[in-house]
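The chains referred to below are lettered A, B, ... by the order of the sequence lines, with proteins before strands, and numbering in each begins at 1.
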There are 2 protein chains.
Amino acid sequence: MSQTDHVRETLKSAGLRPTRQRLALGGLLFNGHDRHFTAEQLHDEARRGGFKVSVATVYNTLHQFTGAGLLREVVVDGSKTHFDTNTSNHHHFLFADGSLMDIPAGQMQVLGLPEPPEGSAVVRVDILVRLGRAA
Amino acid sequence: MSQTDHVRETLKSAGLRPTRQRLALGGLLFNGHDRHFTAEQLHDEARRGGFKVSVATVYNTLHQFTGAGLLREVVVDGSKTHFDTNTSNHHHFLFADGSLMDIPAGQMQVLGLPEPPEGSAVVRVDILVRLGRAA
DNA sequence: GTGTTTGCAAAGTGTTTGCAATTTA
DNA sequence: TAAATTGCAAACACTTTGCAAACAC
């Protein structure tokens with residue numbers, strides 16, 4: 001199965017029409033490698049690769065992908081929104097330069113988490129490990 | 001010691017001049033209760049209390065307070081910046097309505113955190129427990 | 001064909017900045 | 001009086017929206 005077919009298949013199973021733009025952006029994202037990126041980075045990458053996409057479409061597409069469970073948003077600071085192609089349960093290292101690295105949740109465990117207040121339930125636990133230069 | 005004197009003292013020990021604006025905003029914040037708020041909320045609160053401060057000054061002041069270690073920023077989503085008067089080591093519950101509640105770090109422990117990559121060191125670990133309505 | 005998607009530019013948020021006027025020490 | 005701080009409005013960065021044209025099925 002070609003890479004294009006794989007993306008086409010991914011979109012179809014997510015209920016998204018395989019438009020030219022979605023195929024192009026999906027081709028950059030769903031290639032087997034986990035990656036972290038912002039809308040701007042993906043837009044730049046697409047244009048450098050010769051694909052003409054508007055910023056608005058990149059944003060729309062990323063939100064559609066996220067809504068379809070193909071991407072996850074990662075909140076690391078107030079400015080840009082970061083997306084992650086790894087949608088499984090995991091956490092992150094945040095490097096001093098702003099880049100991210102996944103930490104598989106499997107090897108981690110949080111002890112002592114208090115019960116959430118009456119009427120609420122835990123939806124997700126996000127752990128962000130902020131890193132600096134070694135001492 | 002009056003509340004005003006307490007704020008004045010707090011500012012002085014942080015190396016910040018006790019200007020009218022800082023005293024007013026500090027008075028709203030450093031009253032013994034831990035609170036979470038955004039710049040806009042604090043600005044509204046100040047004006048409702050009859051104090052005229054510009055948005056720019058609220059932002060400047062919050063950043064000065066943060067730089068002086070009197071406040072902490074809490075990242076919960078890409079939109080607004082949240083500030084926290086609790087500067088000790090702790091984590092957060094994020095309710096469905098966007099409000100926050102502190103979780104003392106003392107009772108918590110994270111197991112299985114991998115070593116940070118060569119050349120970097122852990123600066124801080126932030127845990128955000130996202131809550132929804134109970135099932 | 002018919003409903004969906006795109007692109008553009010304009011509007012919207014939240015936040016920062018430049019600079020003259022004001023205030024503090 | 002000298003240096004720090006404020007307020008305003010304009011500038012900013014990122015993101016969303018409205019709507020006609022283009023496209024997928």
Side-chain angles (χ1 to χ4, degrees), chain A residues 4-5 7-28 36-47 50-68 70-83 98, chain B residues 4-5 7-28 36-47 50-68 70-83 98:
Chain A
T4 304
D5 283 346
V7 174
R8 197 177 284 275
E9 204 43 49
T10 302
L11 293 178
K12 176 177 245 178
S13 61
L16 296 172
R17 284 190 183 179
T19 67
R20 198 168 307 151
Q21 291 78 348
R22 285 173 185 164
L23 285 169
L25 296 176
L28 293 172
H36 303 95
F37 59 95
T38 64
E40 186 190 8
Q41 284 166 5
L42 186 62
H43 184 236
D44 286 352
E45 190 175 335
R47 297 189 82 92
F51 283 115
K52 302 275 191 289
V53 214
S54 70
V55 197
T57 297
V58 171
Y59 276 104
N60 288 340
T61 304
L62 290 178
H63 288 148
Q64 289 152 358
F65 284 2
T66 302
L70 303 177
L71 292 178
R72 237 183 71 173
E73 289 187 16
V74 185
V75 177
V76 298
D77 68 71
S79 53
K80 309 185 177 187
T81 302
H82 290 250
F83 293 87
Chain B
T4 305
D5 283 346
V7 174
R8 197 177 284 275
E9 206 41 50
T10 302
L11 293 178
K12 177 177 243 177
S13 61
L16 295 172
R17 284 190 182 179
T19 67
R20 199 168 307 153
Q21 291 80 348
R22 284 173 186 164
L23 285 169
L25 296 177
L28 293 172
H36 302 96
F37 59 93
T38 63
E40 186 189 9
Q41 283 165 6
L42 186 62
H43 184 237
D44 286 352
E45 190 175 336
R47 299 189 80 93
F51 199 81
K52 303 274 190 292
V53 215
S54 70
V55 198
T57 297
V58 171
Y59 275 104
N60 288 338
T61 304
L62 290 177
H63 288 148
Q64 289 153 358
F65 284 3
T66 301
L70 302 177
L71 293 177
R72 237 183 72 173
E73 290 188 14
V74 185
V75 177
V76 299
D77 69 70
S79 53
K80 308 186 178 188
T81 301
H82 291 249
F83 292 87

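Between B/F83 and B/H63, the two ring planes are tilted [angle within 30° to 60°].
Under a 3.5 Å cut-off, the side chain of A/R22 and the backbone N or O of A/R17 do form a donor-acceptor pair.
Comparing A/S54 and A/R17 by the nucleotide of DNA chain C that holds the closest heavy atom to each, the one mapping nearer the 5' end is A/R17. Positionally, the nearest nucleotide of DNA chain C for B/E40 lies more toward the 5' end than for the other of B/E40 and B/P18.
Among the nucleotides C/dG7, D/dG7, D/dT5, the one closest to the side chain of B/T57 is D/dG7. Of the candidates D/dT15, C/dT6, C/dC8, D/dT15 carries the atom nearest the A/A39 side chain, counting heavy atoms from C-beta on. With D/dG7, C/dC8, D/dT15 as the candidates, the nucleotide lying closest to the side chain of B/V53 is D/dG7. Side-chain proximity of B/T81 to the nucleotides D/dG7, C/dT15, C/dT23 is greatest for C/dT15. Closest contact between the side chain of B/Q64 and the listed nucleotides C/dG14, D/dT6, D/dT15 involves D/dT6. Distances were taken from every side-chain heavy atom of B/R20 (C-beta onward) to each of C/dG7, D/dC14, C/dT23; the shortest belongs to C/dT23. Side chain of B/Y59, nearest nucleotide from C/dT16, D/dT6, D/dA24: C/dT16. Across C/dG7, C/dG14, D/dG7, the shortest atom-to-atom separation from the side chain of B/K80 is found for C/dG14.
In a base pair of the Watson-Crick type (N1 to N3 plus N6-O4 or O6-N4) or a G-U wobble (N1-O2 and O6-N3), with each distance short of 3.5 Å, C/dA10 is matched with D/dT16. Using Watson-Crick or G-U wobble geometry with both donor-acceptor distances under 3.5 Å, C/dT24 finds its partner in D/dA2. Figure legend. D/dC23 is base-paired to C/dG3; pairs are counted as Watson-Crick or G-U wobble with both atom distances under 3.5 Å.
B/V55 comes within 4.0 angstrom of no nucleic acid atom, judged by non-hydrogen atoms across all strands. Residue-level contact check: A/H63 touches the backbone only, with heavy atoms under 4.0 Å from sugar-phosphate atoms and none from bases. When heavy atoms are screened at a 4.0 angstrom cut-off, B/T38 is found touching no nucleic acid atom at all.
Looking only at side-chain heavy atoms (C-beta outward), A/F37 and A/D44 stay at 4.5 Å or farther from each other. For the pair A/L62 and A/E73, the minimum side-chain heavy-atom distance is 4.5 Å or more.
Here A/Q21 reaches the OP1 or OP2 of C/dG7: one of its side-chain N or O atoms lies under 4.0 Å away. Side-chain nitrogen and oxygen atoms of B/T19 include none within less than 4.0 Å of the OP1 or OP2 phosphate oxygen of D/dA4.
By the neighbour-count criterion of 12 heavy atoms within 6.0 Å, atom CZ of A/F51 is sparsely surrounded, having that number or fewer from other residues, nucleotides or ligands.
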